[in-house]
Amino acid sequence: MEEVSIIGIDLAKRSFQVHGARADGSVAFRRKLSCGRLLKFLASQPECTVAMEACASMH
């Protein structure tokens with residue numbers, strides 16, 4: 001996976017939309033992950049900033 005400088009996560013009830021961006025702002029990846037896979041995925045990423053946004057259905 002390519003080096004990312006920021007990961008954006010849109011939180012929802014059953015899944016997460018994850019977007020990775022490089023330092024120049026270009027897209028490194030976009031993924032839809034289940035709740036169980038999110039922590040494993042984040043643990044495998046290099047150290048970077050993580051920003052979260054919650055939709056109305058998130059508890």
Side-chain angles (χ1 to χ4, degrees):
M1 184 159 302
E2 298 185 43
E3 191 74 19
V4 296
S5 62
I6 188 165
I7 296 175
I9 304 174
D10 186 8
L11 307 174
K13 260 187 188 176
R14 293 187 174 91
S15 65
F16 300 95
Q17 292 289 338
V18 182
H19 175 93
R22 297 180 193 92
D24 66 0
S26 62
V27 175
F29 59 81
R30 287 188 178 122
R31 298 233 167 109
K32 181 177 180 178
L33 299 172
S34 65
C35 294
R37 298 183 126 217
L38 180 65
L39 287 178
K40 191 174 190 175
F41 173 79
L42 289 175
S44 71
Q45 298 303 306
E47 187 175 320
C48 64
T49 301
V50 177
M52 293 181 253
E53 176 187 15
C55 69
S57 65
M58 178 62 185
H59 296 289

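Every heavy atom of this structure was used, including side-chain atoms; hydrogens, water molecules and symmetry mates were not.
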Pairwise side-chain contact, Ser5 with Thr49, heavy-atom cut-off 4.5 Å (strictly under):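 No, too far: nothing below the 4.5 Å cut-off.
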- prompt: Is there side-chain contact between Phe16 and Leu11, with at least one heavy-atom pair below 4.5 Å?
  reply: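 They are in side-chain contact.
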Reported [atom1]-to-[atom2] distance for the pair [X] and [Y], which is rounded to 0.5 angstrom:
X	Y	atom1	atom2	value
Ser44	Arg37	OG	CZ	11.0 Å
Ile9	Arg31	CD1	CZ	13.0 Å
Gln45	Lys40	CD	NZ	13.0 Å
Arg14	Ser34	CZ	OG	12.5 Å

- prompt: Out of curiosity, does Ile7 fall in the hydrophobic cluster containing Met52 (side-chain heavy atoms, cut-off under 4.5 Å, transitive links)?
  reply: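 Per the 4.5 Å side-chain linkage, Met52 and Ile7 are co-clustered.
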query: How far apart are the closest heavy atoms of His19 and Val27, and which atoms are they?
result: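 For His19 versus Val27, the nearest heavy atoms are CE1-CG2, 3.5 Å.
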Taking every non-hydrogen atom, the tightest pair across Val4 and Ala28: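 For Val4 versus Ala28, the nearest heavy atoms are CG1-CB, 3.4 Å.
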message: Taking Val18's backbone N and O only, do any of them form a donor-acceptor pair with Arg30's side chain (distance below 3.5 Å, no angle check)?
response: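 No; zero donor-acceptor contacts below 3.5 Å.
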